[in-house]
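Before any comments, here is the structure.
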Amino acid sequence: MPATRRSLLAGAAAAPLAGLLPMPAIAQNRPLRVGIIAPRAGVAGTVGEVGLRGVEFAVEKINAAGGVAGRRVELVIEEETSPRETTERARRLALQERVDVIQGIVSSGVSLALGPVLEESRILTVYWDGTTQDGVNETMPRSRWVFRSTDNECEAVMGSLMAIKHWRGQFVTVAGINPDYSYGRNNWAAFIAFLKRFNIEHRIVAEQWPRVGGMDLTANVAALKAANPDLVFSSMLFADLPVLMRQGHAAGLLEGRKWVFPAAGFQHTSLKREFTPAGMIFGHNTLYFADPQASPLAREFVEWYHAKTNDWPHWEADRAFFAMEVWRRGVEKAVQAKGASAWPSNAEIAEAMRGIKVVSLGGPGRMRRDGIAEQTFTQGPTVHDPRYDFPILDPAKITKLDGRGLQKPEGGDFWKWIAEAQFDI
Amino acid sequence: MSGGLRRALVALAVLAVLAAMPFALGEYRTTLLLPVFGYAIALLGINLLFGYGGLVSFGHAMFLAIGAYAAAVSGTVLRLASFEAALGLGVLAALAVAIPVGALCARYTKIFFGMLTLAFGMLFHSFLFRLYDITGGDQGLRVRRPTLLGFEFEDLDKTEFLIGPFYWYCLALAALLAWLMWRLVHSPFGLMLRAQRDNPRKAEYLGVEVARTRFIAFLVSAAYGAVGGAMLAVPTGLADPELAYWTHSGTLIFMTVLGGFAHFAGPLLGALTYVLLQDQLMTWTPYWRLVLGVVLALIVLGCPQGLMGLPALLRARFRPSATARPVPAE
């Protein structure tokens, strides 16, 4: 076959990356390189930093135990910014740094853009918190290289079930204050769908859509106060959530009504007791730092994190740990299947990751055959505890649910699933 | 050798070097040049307004977004795989928006022109962000891989497509549009544009229709922006509202100032330098924005003519008789 420009450009170096050829034996001596893409500034900057701590903890443990199938792991970190810039960073990791896998991504907008690029370029990727959903519909149902996190709506599904479980019959008028992007809109729609599904008599009295990262919510707070709802559902989760709580407290909005914050765990230590009343439903997603039933591994992580940062971790650390764990287990499974003859290709590793079960920091989870994660979620009503200057979950009322009960099945329609599935509340 | 011939030879040499880049650079560095071409085209348009017309637009990212969304709509909604169709649609859409916006903005100059363009840019961003059913809201619209001149290149994966046919296509388009812009700024229209920049009242006295000249420059600039936007969207595979956000407009101005708005090739150098600088800084430090800010401050203070003005600045430093004071684009 004559050499073409294409073959020259693609070359032997790109082939192992693409998973088309087994890596040469010499490559087995080098460390495995993991590319991490995480936000490090702006509205999701702290989220990225917590995720990076989860990665650091995971890699410390992996390397202390002898690496992945005998090979040490080293990290190459890039920043997640806009879709265009992040696509360039991902290409840099794959084409320049020659990483073996890319992990990370928090923003839905970025992960949606990146998914097809990574898939077309055959780059093995495990998202932390990124999705490939357009709204609630999957855009990459048969992805081969891109593995994504749980459905975005899991926490809203659980928050809705928790509201119904704890407060059925105690509210009629409901209001929503949700971030003005598809995540917020879908979560609010899911909550209303659950009220209908469980025949909860309700009346919507206000819908507020503040801009993500907006730091003045006085108009939204005033509108909610004027509507005087019995229950407010809010999937706000970034730095604007403590602002809502402060301004709501100052306006007397918070007291005397029920609140559901399915994603409050992202900001839990910023929601100080002096302006955050107890008795709200808080979602801690896939990691609750003070879980009385936490595994020894999770306790070790929380102590390690607290010693390093003097803060308490949230779920992004677990998502990062889970992504690393799924990949590690996939590599080891593929190596075992391949035998000592050669290192498995990325295609073989990707295949080995399908259906794999892992124990993450927040509890057991798995990577479904369709490349979508299922993890354990934690939510419950809050109490004030003198040991912390922010609300924690009432230890007697903590609920943990398996991800299988919180997201639509493979290939399923989200709204049809809500209407027809059996929910255990 | 005449100046024109020398310039043409230099341009051809640069073109030849750029055409050989996929063979000389690695895959990643070659993909980095794609946004350079997209931005270079958009900046040629912006500099027609800024450098030659004296009008600073803070909302021009709107036209890049229009080009990107046109590429998305062309491929996913209209099912037109052709990139030429996407470019045509982008230019038509940009002109449809630029005609009313330009008709209003061209009546103003200085801060009023800047603020008006900023307002329209943010209005358009809100439109993209809020109308979920039409624009995909915050998630934007997917841009599919287009065909080029009717060829699909289906045996190439995305990276191979980008660093091969798409690279040379974009380079050729950028060269063609740069040549057209060169002709434009050196035509009587270009003279009229510079005349109204330097002294609008005198230009009017001499028979220049000032508002009409600015309006035409605005339309050309919008069309260039749309072409650049469509070229940016293909490697990313997405048209998203952030393309129209005011910070992106600021980045465009930054690139123009960085390269030197007083020179025809300044914006091209600005685009190249910005993309490469940002790439390196993002690799070195999470505080890359801070460094970019410092670079901008240093350029404005120390080298107001941008990188293209650097040789003159150095000559002035070592030969006191030479001058390095800022001069408008000629």
Side-chain angles (χ1 to χ4, degrees), chain A residues 5-11 13-14 17-18 40-42 45 48-49 76-79 81-89 91-98 107-123 131 133-135 139 179-185 209 211-212, chain B residues 22-23 25-32 34-35 38 64 68 126 129-130 132-133 136-145 153 155-165 167 232-233 235-243 245 247-248 251 275 278-279 281-283 285-290:
Chain A
R5 185 205 58 77
R6 182 189 166 203
S7 64
L8 283 171
L9 283 177
L17 183 81
R40 308 192 77 179
E49 290 302 323
V76 186
I77 298 170
E78 291 286 354
E79 184 176 347
T81 50
S82 68
R84 185 188 66 75
E85 288 169 353
T86 309
T87 303
E88 281 169 13
R89 305 327 289 167
R91 285 207 180 98
R92 183 177 181 281
L93 287 174
L95 303 174
Q96 185 89 346
E97 297 289 344
R98 304 284 177 193
S107 154
S108 301
V110 172
S111 55
L112 257 172
L114 210 50
V117 174
L118 296 166
E119 186 72 15
E120 274 196 69
S121 304
R122 302 173 198 159
I123 298 166
T131 183
Q133 289 172 282
D134 179 9
T139 58
D180 186 16
Y181 69 117
S182 51
Y183 170 79
R185 290 182 181 272
W209 305 105
R211 183 174 63 82
V212 178
Chain B
F23 301 104
L25 298 176
E27 292 169 306
Y28 171 64
R29 290 209 173 87
T30 306
T31 61
L32 265 190
L34 295 172
L64 277 81
S126 296
F129 198 81
R130 304 259 171 183
Y132 284 79
D133 295 337
D138 57 292
Q139 300 191 337
L141 294 177
R142 189 170 168 200
V143 178
R144 297 189 186 281
R145 185 210 284 203
F153 303 102
D155 60 328
L156 304 183
D157 74 21
K158 178 126 186 183
T159 305
E160 292 163 353
F161 170 75
L162 291 177
I163 65 173
Y167 176 91
L232 285 177
T236 312
L238 185 83
D240 73 291
E242 294 311 295
L243 284 167
Y245 202 54
T247 51
H248 196 213
T251 302
V275 170
Q278 188 191 26
D279 175 62
L281 290 176
M282 285 182 83
T283 305
T285 171
Y287 305 105
W288 57 275
R289 293 175 184 84
L290 184 70

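Basis for what follows: all heavy atoms, side chains included, without hydrogens, waters or symmetry-related copies. Sequence lines set the chain letters: A, B, ... in the order given, protein chains first and strands last, and positions in each chain run from 1. Please read these numbers as outputs of a predicted model, since none were measured by experiment.
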Which of B/Gly237, B/Gly26, B/Pro35 touches chain A most, by non-hydrogen pairs under 4.5 Å
B/Pro35
When rounded to the nearest 0.5 angstrom, what distance separates CG in B/Leu238 from OG1 in A/Thr87?
8.0 Å
Bottom line for A/Thr81: the part with an atom under 4.5 Å from chain B's heavy atoms is side chain
Is there a side-chain contact (heavy atoms from CB on, under 4.5 Å) between A/Glu79 and B/Trp288 once you walk through the steps?
CA-CA 10 Å; A/Glu79 184 176 347; B/Trp288 57 275; 2.7 Å; yes
Contact leader toward chain A among B/Glu242, B/His248, B/Arg289, where contacts are heavy-atom pairs under 4.5 Å:
B/Arg289
Can you tell me which of A/Thr86, A/Val76, A/Val110, A/Leu112 forms the most heavy-atom pairs within a distance under 4.5 Å of chain B?
A/Leu112
Which atoms form the tightest heavy-atom contact between B/Thr159 and A/Ser121, and what is the distance?
OG1-OG, 3.4 Å
With a 4.5 Å cut-off on side-chain heavy atoms, are B/Thr236 and A/Glu88 touching?
no
Considering only heavy atoms, which portion of B/Leu34 lies under 4.5 Å from any heavy atom of chain A: side chain, backbone, both, or neither?
neither
Any non-hydrogen side-chain atom of B/Arg29 less than 4.5 Å from a side-chain atom of A/Gln96?
yes
Only pairs of heavy atoms separated by less than 4.5 Å count here; which of A/Ser182, A/Ala113, A/Pro83 has the most with chain B?
A/Ser182
What part of A/Glu85 lies closer than 4.5 angstrom to a heavy atom of chain B: side chain, backbone, both or neither?
side chain
Could you tell me which portion of A/Ser108 (side chain, backbone, both or neither) has an atom closer than 4.5 angstrom to a non-hydrogen atom of chain B?
side chain
With a 4.5 Å limit on heavy-atom distance, are the side chains of A/Arg40 and B/Met282 in contact?
no
Under 4.5 Å from any heavy atom of chain B - which part of A/Arg92:
both
Are the side chains of A/Arg211 and B/Phe129 in contact, using a 4.5 Å heavy-atom criterion?
no
So do the side chains of B/Thr283 and A/Arg89 get within less than 4.5 Å of each other, counting heavy atoms only?
yes
Please classify the contact between B/Leu243 and chain A as side chain, backbone, both or neither, with a heavy-atom cut-off of under 4.5 Å.
neither
